[in-house]
Visitor: 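Sharing a structure here in structure tokens format.
What you see is a predicted model; the values in this text were computed from it and never measured.
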Amino acid sequence: MSSENREDIINDQEDLNVETNLEETEVSENELTAEDQITNLQVELDKEKDKFLRLFAEFENYKRRTSKERVEMFKTAGQEVLQAMLPVLDDFDRAEIEIKKAKEKNLQKGVELISNKLRETLKSKGLKEMEVSAGDVFDADIHEAITQIPAPKDSLKGKIVDVIEKGYELGDKIIRFPKVVTGK
């Protein structure tokens, strides 16, 4: 073989080696790109999963909150009507006291029957009378102090001396605070 042919063959082999190396490099770049794509897709998938889970949790909280609000609304739906009836209950209490003074048994029985029926109806709707009496400890969170007078006894200092107006609760909510006189 001539030296030119040898050089041509060597050059051809070198060209072949360079082409092979280029092809291998291109294949590995494609594989790298595919791996990068898989990684990118996995990151995007994780972001979407996180977004979905947050949206789902937010929706669950919304459902729970609206359900709770709906239950509260039903519990206190008649609050305005019941508050309007409270002065009627006060009038019945005053009427019973005055009728007892008059000592008319039939009139007293009739008023008591009507009063009891009204109270039971309101009780079935969730209205409860707050139990407050003279001698109880005054609590500003649940009592409304009208005035403060000198305590008739030392044991009544800082306590309730008299109840002017009864308090009422609707469920767990106080709709009218009891009005009391405290001792100082």
Side-chain angles (χ1 to χ4, degrees), residues 45-184:
L45 179 64
D46 290 342
K47 284 180 184 177
E48 292 301 318
K49 278 183 181 179
D50 184 56
K51 188 192 294 185
F52 171 75
L53 288 174
R54 289 178 188 275
L55 187 61
F56 183 75
E58 187 176 327
F59 181 68
E60 286 297 315
N61 289 337
Y62 168 77
K63 283 185 355 184
R64 197 174 309 119
R65 185 178 63 247
T66 56
S67 175
K68 184 179 176 184
E69 288 172 356
R70 188 176 304 123
V71 167
E72 279 295 316
M73 187 177 71
F74 285 130
K75 281 183 181 177
T76 60
Q79 180 176 344
E80 289 181 24
V81 173
L82 292 176
Q83 281 179 318
M85 296 299 292
L86 296 180
V88 175
L89 291 176
D90 295 336
D91 290 342
F92 268 113
D93 289 339
R94 286 189 281 275
E96 286 177 351
I97 291 170
E98 292 303 316
I99 291 172
K100 283 180 184 176
K101 289 179 186 175
K103 297 181 182 178
E104 289 193 35
K105 297 292 179 191
N106 289 336
L107 183 60
Q108 185 178 351
K109 266 189 176 178
V111 171
E112 283 178 5
L113 287 173
I114 296 169
S115 175
N116 289 338
K117 188 172 186 176
L118 177 63
R119 288 178 196 282
E120 289 302 315
T121 302
L122 295 177
K123 188 177 182 180
S124 70
K125 301 299 179 190
L127 186 71
K128 292 186 289 186
E129 185 179 312
M130 295 176 69
E131 296 296 326
V132 180
S133 59
D136 289 350
V137 176
F138 175 75
D139 184 357
D141 291 335
I142 58 173
H143 303 114
E144 183 179 341
I146 300 297
T147 189
Q148 197 172 28
I149 61 170
K153 302 178 198 170
D154 284 342
S155 63
L156 290 177
K157 286 185 179 180
K159 294 186 178 180
I160 297 171
V161 175
D162 190 18
V163 179
I164 304 298
E165 194 174 72
K166 294 179 181 178
Y168 292 93
E169 294 175 311
L170 182 59
D172 295 333
K173 184 179 177 184
I174 298 174
I175 61 172
R176 185 171 84 180
F177 291 90
K179 292 182 171 98
V180 297
V181 176
T182 60
K184 61 176 178 178

Visitor: Of the non-hydrogen atoms in L156 and I160, which two are nearest, and what is the gap between them?
Guide: CD2-O, 4.0 Å
Visitor: More than 12 heavy atoms of other residues, nucleotides or ligands under 6.0 Å from CG of N106: yes or no?
Guide: no
Visitor: Taking S133's backbone N and O only, do any of them form a donor-acceptor pair with D136's side chain (distance below 3.5 Å, no angle check)?
Guide: yes
Visitor: When you compare the side chains of N116 and R119, does any donor N or O come within less than 3.5 Å of an acceptor on the partner?
Guide: no
Visitor: If you define the side chain from C-beta out and look only at heavy atoms, does anything of L127 sit under 4.5 Å from L89?
Guide: yes
Visitor: For the pair S67 (side chain) and K63 (backbone), establish whether a donor and an acceptor sit closer than 3.5 Å, ignoring hydrogens and angles.
Guide: no
Visitor: I need the minimum non-hydrogen distance between F177 and H143, along with the two atoms involved.
Guide: CD2-N, 4.4 Å
Visitor: Of the non-hydrogen atoms in A134 and V161, which two are nearest, and what is the gap between them?
Guide: CB-O, 3.2 Å
Visitor: Donor-acceptor pair, E129 side chain versus K166 backbone, under 3.5 Å?
Guide: no
Visitor: Report yes if the side chains of K47 and K51 come closer than 4.5 Å at any heavy-atom pair, otherwise no.
Guide: no
Visitor: Is there a side-chain contact between K159 and F138 (heavy atoms, below 4.5 Å)?
Guide: no
Visitor: So, for P87 and R176, which heavy atoms are closest and what is the spacing to 0.1 Å?
Guide: N-NH1, 4.5 Å
Visitor: Kindly indicate whether the side chain of K125, heavy atoms from C-beta on, has any atom under 4.5 Å from the side chain of V81.
Guide: no
Visitor: Please list, one pair per line, the donor and acceptor atoms closer than 3.5 Å that link side chains of residues 94-104 to other protein atoms, with sequence neighbours excluded.
Guide:
residue, atom, partner, partner atom, Å
R94, NH2, D91, OD1, 2.7
E96, OE2, S115, OG, 3.3
E98, OE2, K101, NZ, 3.4

Visitor: Taking the side chain as every heavy atom from C-beta outward, state whether L122 and L118 have any pair of such atoms under 4.5 Å apart.
Guide: yes
